[in-house]
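Below you'll find the structure, written out as structure tokens, and then a few comments.
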Amino acid sequence: MSILRLFSVTMGRISTFRSYQIVLLLAAAMAVMAFYYFGSEKQNFSSTTKRIKQTQASHNSNRNDADLSVDTRSLHHEEKTGIRHEQDGLGKGPDEKQHYHALMMFTKIDRSMNLQSKFEVAMRSMAKHGRFLEDEVLVLHYISDAASKELGMRILPELLIEATFQYEVVFHDVGDLTEKLFPIVEAMQKHFSAGSGAYYSDAIFFLSVAMHRIMPAEMKRIVQLDLDLKYKSNIRDLFQEFRHFSPEAVIGIVREMQPVYRHTFWQYRKENPKSRVGEPHPNGLPGFNSGVMLLNLEAMRLSALYNKLLEPERVAHLAEQYHFRGHLGDQDFFTMIGMEHPELFHQLACGWNRQLCTWWRDHGYGDVFQLYYQCDGPVYIYHGNCNTAIPDD
């Protein structure tokens with residue numbers, strides 16, 4: 001009897017052990033089946049968002065890169081949109097999205113109904129006229145403070161509701177970028193800023209000057225745009241201007257359409273009466289307006305000449321040579337170096353930044369104003385600078 005009892009207990013234990021094994025085997029098989037089944041499906045928005053954060057964590061581990069931590073990223077047609085920072089806006093690999101990068105300053109917007117109104121006009125007109133191919137994505141970068149970012153997150157979906165193209169929205173913290181910019185542009189601020197000193201908070205107005213040094217190397221081209229714009233044509237066409245850059249050019253920009261720099265260079269012009277500096281288009285050098293700019297970041301990084309011009313000693317030398325004292329930030333810097341090295345700039349047709357301000361017409365330059373203000377040809381983008389009203393459609 002004891003032998004039979006022992007045999008019965010042993011068989012019971014073996015039976016229990018085999019049942020446990022069978023359960024484990026069944027669970028493992030079901031897990032494998034689930035992995036292959038769900039892994040074969042397209043990624044949804046949640047998984048894509050998770051991958052964005054993982055990718056950016058990798059990017060941010062490189063201290064030489066800009067902090068591109070995405071506080072929020074809104075996807076239009078998200079089922080079609082892939083996320084890759086490596087795209088430069090003009091080239092892509094097989095089965096990859098082609099990204100077009102556009103950047104706007106978006107600070108203190110929450111405090112100003114006037115700025116909010118301008119922003120609405122800009123975004124609605126961009127959405128209305130924008131046309132991109134199915135494998136293309138417009139990436140909208142906003143340099144923002146916390147309060148303005150919160151506002152932007154709330155209103156952008158409505159402002160871009162008419163967009164027929166895929167887009168992404170990225171917010172960059174203005175404080176983080178200012179921290180990176182200040183050491184690079186501090187020395188030049190006293191030449192191109194209002195007041196007599198280099199103020200930390202003003203460094204952001206020189207972002208375009210040194211963007212090639214703070215944005216990641218994977219980003220090769222970007223368009224910087226003012227908020228007080230109204231788009232009359234497809235913004236995708238603006239990006240095609242990159243293809244027309246000469247080998248030496250690093251920046252695409254439109255001429256200034258007021259006699260601003262006729263005034264600023266008055267002393268240099270007095271000492272050099274035959275100079276073209278400050279003279280109107282087409283034979284003169286009227287300076288530039290930074291409302292619409294194409295920045296070839298790759299070319300800016302590779303240009304020994306351009307980076308030499310960023311050195312404090314070189315900036316001071318040119319400012320002294322031209323008796324230059326400005327207050328318009330990056331626009332002043334580009335204008336000054338453009339007098340010396342026009343080959344660094346691809347001049348866009350005036351219709352890409354049709355400036356509407358007429359302030360200087362009524363402040364001492366009415367006799368020559370029209371020579372600067374005239375812009376023949378189609379208008380692609382209106383620029384309502386100095387709070388000038390933009391024509392209705």
Sequence neighbours excluded, the answer for salt bridge (charged side-chain N to carboxylate O under 4.0 Å, His left out) partners of Glu241 is none

Do the numbers put Arg354 on top of the ring of Tyr231, so that NZ or CZ is under 6.0 Å from the six-membered ring centre and no more than 45° off the axis? no

Between Phe119 and Phe106, is the gap from one ring center to the other below 6.0 Å? yes

Can you list every pair that meets disulfide (SG to SG under 2.5 Å) and has a residue in residues 265-332, with sequence neighbours left out? none

Here the ring pair (Phe, Tyr, Trp, His ring centres under 6.0 Å) pairs for residues 254-276, sequence neighbours left out, are His263-Trp360, His263-Tyr365, Phe265-Tyr322, Phe265-Phe324, Tyr268-Tyr322

Sequence neighbours excluded - disulfide (SG to SG under 2.5 Å) pairs with any residue from residues 260-370: Cys350-Cys375, Cys357-Cys386

Okay, side chain of Ser112, backbone of Leu115: is any donor-acceptor separation there less than 3.5 Å? yes

Where at least one partner belongs to residues 117-160, residue pairs that pass disulfide (SG to SG under 2.5 Å), sequence neighbours excluded: none

Sorted by first residue and then second, give each disulfide (SG to SG under 2.5 Å) pair with at least one member in residues 223-291; sequence neighbours left out. none

Are Phe239 and Tyr100, when compared by the centres of their aromatic rings, separated by less than 6.0 Å? yes

Quick one: do Lys97 and Glu136 make a salt bridge, cutoff under 4.0 Å? no

Are any of the side-chain nitrogens in Glu311 or Lys308 under 4.0 Å away from the carboxylate oxygens of its partner? yes

Using a strict cut-off of less than 4.0 Å between a Lys/Arg side-chain nitrogen and an Asp/Glu carboxylate oxygen, indicate whether Asp393 and Lys230 qualify as a salt bridge. yes

Hey, would you say the Phe345 and Phe288 ring centroids sit under 6.0 Å apart? yes

